[in-house]
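The block underneath contains the structure these notes are about, expressed in structure tokens.
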Amino acid sequence: MPASMCKANGIELCFETFGDPADPPLLLVMGLGAQMIAWDDELCAAFVDRGFFVIRYDNRDVGLSSRIESSGGNFLESFAAAQQGQAIESPYKLSDMAADAIGLLDHLGLQKAHVVGASMGGMIAQTIAIEHPDRVLTLTSIMSTTGEAEVGQPTPEAMARLVQPPTNDRDVVIERAVESSRIIGGPEHFDEDRIRARSAAAFDRAFDPAGTARQLIAIMSSGSRAEGLAALAVPTLVIHGDADTLVTPTGGQRTAELVPNAELLVIEGMGHDLPPVVWSQVVEAVTANTRRAAL
């Protein structure tokens with residue numbers, strides 16, 4: 001169906017659905033600064049073909065969903081404070097973003113869903129499972145981490161991509177996306193034409209670097225999820241690429257270590273991206289995990 005808007009958790013979310021609403025719902029949660037279209041149409045269709053009602057949406061502060069205007073949002077200052085163990089002021093936290101997703105499920109009349117999150121979306125998906133366990137059938141955490149400072153940290157080269165000064169120049173934004181993908185996306189599956197096309201489509205749909213900064217601060221202010229992850233009783237799949245330099249593989253390994261009975265899938269050559277070459281493997285693994293749900 002075409003993109004729609006809904007009220008959720010006091011804000012507006014833009015969302016789309018694919019497939020038959022009578023099928024088991026699969027909620028896709030995207031990562032930092034990424035719009036719902038980063039879940040490619042073809043990947044969504046592959047999940048529909050496996051019998052799911054697929055839901056993707058723009059997180060707050062990205063795409064066509066609400067902006068959370070705030071005088072805060074200096075990522076560099078917040079990062080420095082976090083490194084020194086100081087408390088961080090933030091307009092919202094990952095818990096608020098998890099509540100947004102629950103509001104979307106409420107709008108759609110869905111009591112429970114299989115929840116799949118990538119990168120920051122994995123952090124949000126973990127938070128949904130921890131704070132709203134009765135709404136989650138299964139959890140899949142992709143290229144994400146636990147919020148613990150000891151694991152999943154970016155390499156210095158990848159961190160340098162995060163802290164670049166913002167720009168609204170379309171050409172520069174696209175070039176930066178290409179260069180970032182060379183560093184974080186895994187050299188084995190790098191596809192410059194695909195990255196350029198995706199970046200251009202995202203820029204033309206909506207672009208707001210200030211919103212991305214606020215999302216980053218939400219991540220840093222939300223702390224560790226280790227205790228909550230260790231208490232989960234939901235079937236959990238953790239997927240990570242062995243070439244990920246933005247959220248290094250220890251983040252996924254630690255997630256799988258903490259969650260009781262979690263399954264870990266490490267994909268060779270995959271970086272911080274979901275290139276088409278891995279889609280069939282990801283779809284099969286997610287589908288297998290959903291079969292573990294107690295309906």
Side-chain angles (χ1 to χ4, degrees), residues 28-47 49-50 56 116-123 125-126 140-146 151-164 171-203 212 216 219 236-257 262-289:
L28 302 178
V29 191
M30 192 27 80
L32 177 69
Q35 302 175 44
M36 64 179 176
I37 57 174
W39 295 107
D40 294 73
D41 289 358
E42 295 82 1
L43 179 56
C44 293
F47 279 120
D49 289 344
R50 299 306 294 268
R56 67 181 183 182
V116 179
S119 193
M120 181 188 72
M123 304 173 197
Q126 293 171 20
T140 301
S141 179
I142 305 174
M143 55 191 178
S144 194
T145 187
T146 65
V151 297
Q153 295 299 315
T155 65
E157 192 176 15
M159 174 57 75
R161 308 305 302 180
L162 280 179
V163 299
Q164 295 180 96
D171 292 339
V172 173
V173 169
I174 293 171
E175 289 303 321
R176 284 184 177 181
V178 171
E179 292 309 308
S180 293
S181 184
R182 291 185 196 277
I183 295 167
I184 71 174
E188 189 173 328
H189 304 308
F190 177 72
D191 182 341
E192 181 171 341
D193 290 342
R194 176 174 177 266
I195 297 303
R196 286 186 181 279
R198 284 163 55 94
S199 178
F203 186 97
T212 301
L216 269 169
I219 292 171
T236 299
L237 169 67
V238 179
I239 301 176
H240 220 103
D242 67 358
D244 194 335
T245 61
L246 187 62
V247 180
T248 45
T250 55
Q253 293 161 4
R254 175 63 171 161
T255 305
E257 175 186 302
E263 297 185 354
L264 174 63
L265 171 62
V266 178
I267 300 181
E268 184 177 353
M270 186 178 100
H272 202 76
D273 190 15
L274 284 172
V277 70
V278 308
W279 288 353
S280 60
Q281 194 173 1
V282 168
V283 170
E284 178 56 38
V286 171
T287 302
N289 188 52

side-chain contact (heavy atoms from CB on, under 4.5 Å) against [X], all qualifying residues, sequence neighbours excluded:
X	value
Gln164	Arg161, Arg176, Ser180
Ala243	none
Gln35	Ile37, Asp58, Val62, Ala202, Arg205, Ala206
Thr212	Leu32

So which heavy atom on Arg194 is nearest to which on Pro275, and how close? NH1-CA, 4.0 Å

Ignoring hydrogens, what is the shortest heavy-atom contact between Pro249 and Gly241? Give both atom names and the distance. CG-O, 3.6 Å

Is the shortest side-chain heavy-atom distance between Cys44 and Leu28 below 4.5 Å?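 Cys44 reaches Leu28 side chain to side chain.
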
Compare all side-chain heavy atoms of Gln281 with those of Leu265 and state whether any distance is below 4.5 angstrom.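 A side-chain contact under 4.5 Å exists here.
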
Residue list, salt bridge (Lys or Arg N to Asp or Glu O under 4.0 Å) with [X], at least two apart or on another chain:
X	result
Asp244	none
Asp41	Arg56
Glu179	Arg182

Please list, chain by chain and in numerical order, all residues satisfying side chain to side chain donor-acceptor pair (under 3.5 Å) with Thr255, sequence neighbours excluded. none

Got a sec, which residues hit side chain to side chain donor-acceptor pair (under 3.5 Å) with Thr145, two or more places apart in sequence or on another chain?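 Thr145 satisfies side chain to side chain donor-acceptor pair (under 3.5 Å) with no other residue.
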
Okay, side chain of [X], backbone of [Y]: is any donor-acceptor separation there less than 3.5 Å?
X	Y	value
Thr250	Gly152	yes
Thr248	Gln153	yes
Thr146	Val151	no
His240	Val247	yes

Once rounded to the nearest 0.5 Å, what's the spacing between atom CG of Asp40 and atom CH2 of Trp279?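 One finds 4.0 Å between CG of Asp40 and CH2 of Trp279.
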
Taking atom CZ of Phe190 and atom CD1 of Ile184, what is their separation to the nearest 0.5 Å?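 The CZ atom of Phe190 sits 11.0 Å away from the CD1 atom of Ile184.
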
Please, which pairs that meet salt bridge (Lys or Arg N to Asp or Glu O under 4.0 Å) have at least one residue in residues 246-255, sequence neighbours excluded? Glu148-Arg254, Arg254-Glu257

Residue pairs fulfilling salt bridge (Lys or Arg N to Asp or Glu O under 4.0 Å) with at least one residue in residues 279-288, sequence neighbours excluded: Arg50-Glu284

Residues passing the ring-ring contact (aromatic ring centres under 6.0 Å, His included) test with Phe203, sequence neighbours excluded, are Phe207

